[in-house]
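A quick write-up on the structure given underneath.
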Number of protein chains: 2
Amino acid sequence: MKIDPKSRSDLSAQIAKAIRDAIISGDLIVDERLPSEAELADQFDVSRPTVREALKRLAAQNLIRTQRGATGGAFVRRLSYDEAYAHHITTSTLLLSMNAVDFQTACEARFALERACAPLSAERRTPDHLATMRAEIHRQGQPGLSDESFCDSDVAFHRALVDGASNPVLSYQLAGAVEAMQPLMNMITFTQRNRDVIVALHTRIADAIEARDAASADAALSELTACTLQLGRDAMAARAARASP
Amino acid sequence: MKIDPKSRSDLSAQIAKAIRDAIISGDLIVDERLPSEAELADQFDVSRPTVREALKRLAAQNLIRTQRGATGGAFVRRLSYDEAYAHHITTSTLLLSMNAVDFQTACEARFALERACAPLSAERRTPDHLATMRAEIHRQGQPGLSDESFCDSDVAFHRALVDGASNPVLSYQLAGAVEAMQPLMNMITFTQRNRDVIVALHTRIADAIEARDAASADAALSELTACTLQLGRDAMAARAARASP
DNA sequence: GAACTTTAAATGTCTGACATTTTGATGGCA
DNA sequence: TGCCATCAAAATGTCAGACATTTAAAGTTC
């Protein structure tokens with residue numbers, strides 16, 4: 001590995017790319033120690049600060065971890081699902097906000113993906129998943145709950161639904177779609193009537209999942225999709241009305 | 001923004017986090033210029049190299065871009081879909097390989113999500129999407145195509161299917177599931193008979209999408225799922241047989 | 001043999017300098 | 001006046017060397 005053509009651009013970017021490629025291709029395996037900063041500086045014929053900048057780039061992507069001390073150094077890091085979740089959610093959220101994705105597009109994507117999980121969840125959900133869903137439904141019915149807390153609980157409910165499929169890859173991909181929508185959902189004002197409808201649909205979903213009835217779960221999710229889209233349209237209309245009275 | 005409690009950990013990580021939070025919260029908007037490295041060093045009361053390491057971390061996440069010269073500096077970057085795709089695919093691929101995700105889990109996730117897109121794709125696909133799908137089907141039928149090229153074409157076909165839904169959020173989330181599976185798919189040896197079956201199913205899918213027939217597309221995708229899972233099992237069995245003859 | 005001390009290796013950080021790139025201003029010339 | 005060449009300034013990119021801090025292992029003492 002680790003040659004560095006004399007192209008004209010950031011050395012630190014080139015070095016980071018070389019190491020990243022080595023990790024991706026499997027030349028560097030998990031928990032393997034990279035050469036020390038000084039050695040890398042020698043190999044690439046650059047200074048130590050430049051190497052450090054490259055390593056920080058990799059650290060930002062969770063590809064390596066560094067450890068100080070005598071046996072320290074930079075180690076290839078096993079990317080954990082939790083870290084990947086967090087990273088994915090952050091990126092998805094930014095992607096949506098920076099590109100001004102409209103509520104409808106995000107909502108459609110979210111529920112389409114979620115409906116893909118429902119049959120698997122109906123098949124495999126554990127009592128734990130059901131308990132989480134029921135607990136969140138109960139929380140959503142509490143009086144005096146803020147809109148934001150209601151959204152939080154909504155996300156937790158759907159998270160449990162997705163996790164019920166017991167497929168970490170699915171959970172990972174869904175996390176981006178479900179949680180990244182939260183800022184958009186937070187623009188909505190949930191009236192008591194809205195909440196009653198949503199809680200009723202959540203209950204139907206939980207019942208269907210408990211009964212291992214994929215078709216009913218899908219039907220309820222379909223209704224929830226329509227309901228959520230309508231809430232989004234109402235929120236947009238209300239916002240437009242406020243802007244130009 | 002930008003205070004930095006005297007906690008005991010990487011200063012560059014703390015600074016990166018402070019700036020990242022400012023971007024996420026909207027305090028820094030797209031294309032806004034950050035203070036120069038020297039000014040940031042002053043503000044955070046650290047040296048310039050430390051600030052640079054922080055900026056490189058952010059650059060690694062595509063959150064900023066830097067520009068040299070008199071009016072240069074670091075600018076908040078609009079995260080584009082293409083970059084987000086690439087990033088997401090890299091991360092997903094690594095997540096799968098480092099955590100030794102089995103073929104079945106990845107395959108299940110991939111097809112579950114893809115089936116979620118099919119109805120939307122049937123509704124909205126353009127002639128362009130259909131043309132891409134047909135072209136890839138044709139390519140897959142070419143004699144002498146390597147297994148790797150066959151996989152590439154397979155990914156391109158499914159990419160067109162997903163893109164047909166015309167929902168960039170959906171395409172983004174799916175990219176991780178579909179493309180990250182490629183290394184796993186590459187372990188499979190596609191016999192001519194396998195290829196014929198897959199091409200036939202692809203043709204059925206394309207026909208269904210062209211006819212806007214979501215149910216038929218779903219049925220074909222379901223068969224393709226079963227077929228792919230079987231191929232995976234066969235590949236595993238063959239591998240196991242080679243390992244202990 | 002156990003507890004303490006020393007040492008060495010590595011990352012984390014700082015200072016100061018120089019190189020390079022780009023913009024804008026300055027000034028000369030037609 | 002208007003245009004072009006030159007130069008200064010500002011910013012990032014890079015380097016060299018130094019010191020601080022952390023950590024584990026080797027060495028030392030009882």
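Sequence lines set the chain letters: A, B, ... in the order given, protein chains first and strands last, and positions in each chain run from 1. Computed from a prediction, not measured in an experiment: that's the story for all the values here.
For the pair B/R52 and D/dG13, the criterion of a side-chain N or O lying under 4.0 Å from OP1 or OP2 is met. Residue B/S47 has a polar side-chain atom (N or O) positioned under 4.0 Å from OP1 or OP2 of C/dC14. Checking the phosphate oxygens (OP1, OP2) of D/dG13, a side-chain nitrogen or oxygen of B/T66 falls inside 4.0 Å.
The nearest whole Å value for the distance from the CG atom in A/D42 to the P atom in C/dA10 is 12 Å. Distance A/E37 CD to C/dT13 P: 11 Å, rounded to the nearest Å. Atom-to-atom, CG of B/L11 to C1' of C/dC14 comes out at 11 Å; the value is rounded to the nearest Å. The nearest whole Å value for the distance from the CG atom in A/L40 to the P atom in C/dA10 is 11 Å. Distance A/K56 NZ to D/dG13 C1': 18 Å, rounded to the nearest Å. Rounded to an integer number of Å, the gap from A/I64 CD1 to C/dT11 C1' is 11 Å. Per the geometry, CD1 belonging to A/I15 stands 12 Å off C1' belonging to D/dG13, to the nearest Å. Regarding A/Q14, its CD atom lies at a distance of 12 Å from the C1' atom of D/dG13, rounded to whole Å.
Comparing D/dG13, C/dG24, D/dA24 against the side chain of B/T71 picks out C/dG24 as the nearest. When each of C/dG24, C/dC14, C/dG12 is scored by its nearest atom to the side-chain atoms of B/T50, the top-ranked nucleotide is C/dC14. Closest approach to the A/A70 side chain among D/dT14, D/dA11, D/dA24 is made by D/dA24 (side chain taken as heavy atoms from C-beta onward). In this structure, the nucleotide among D/dC15, C/dA10, C/dG12 sitting nearest to the side chain of A/R33 is C/dA10. The side chain of A/D10 sits closest to D/dG13 out of D/dA25, D/dG13, C/dA10. Ranking D/dT12, C/dT13, D/dA16 by closeness to the B/E53 side chain, first place goes to C/dT13.
A side-chain N or O of B/H88 and one of A/Q173 form a donor-acceptor pair less than 3.5 Å apart. Using a 3.5 Å distance cut-off with no hydrogens or angles, the side chains of B/Q182 and B/D152 do pair a donor with an acceptor.
Between A/Y85 and A/Y172, the angle of the ring planes stays under 30°, which puts this pair in the parallel group of the 30/60° scheme. Between B/H158 and B/F111, the angle of the ring planes goes over 60°, which puts this pair in the perpendicular group of the 30/60° scheme.
Nearer the 5' end of DNA chain D, as judged by each residue's closest nucleotide, is the contact made by A/S12, out of A/S12 and A/G69.
At a cut-off of 3.5 angstrom, counting only N and O atoms as typed in the model, there is a donor on one side and an acceptor on the other between the side-chain of A/R48 and the base of C/dG12. Judged by atom type and distance alone, A/R68 reaches the base of D/dT21 through a side-chain donor-acceptor pair under 3.5 Å.
We find that A/R124 and B/E108 are joined by a salt bridge, their nearest charged nitrogen and carboxylate oxygen being less than 4.0 Å apart.
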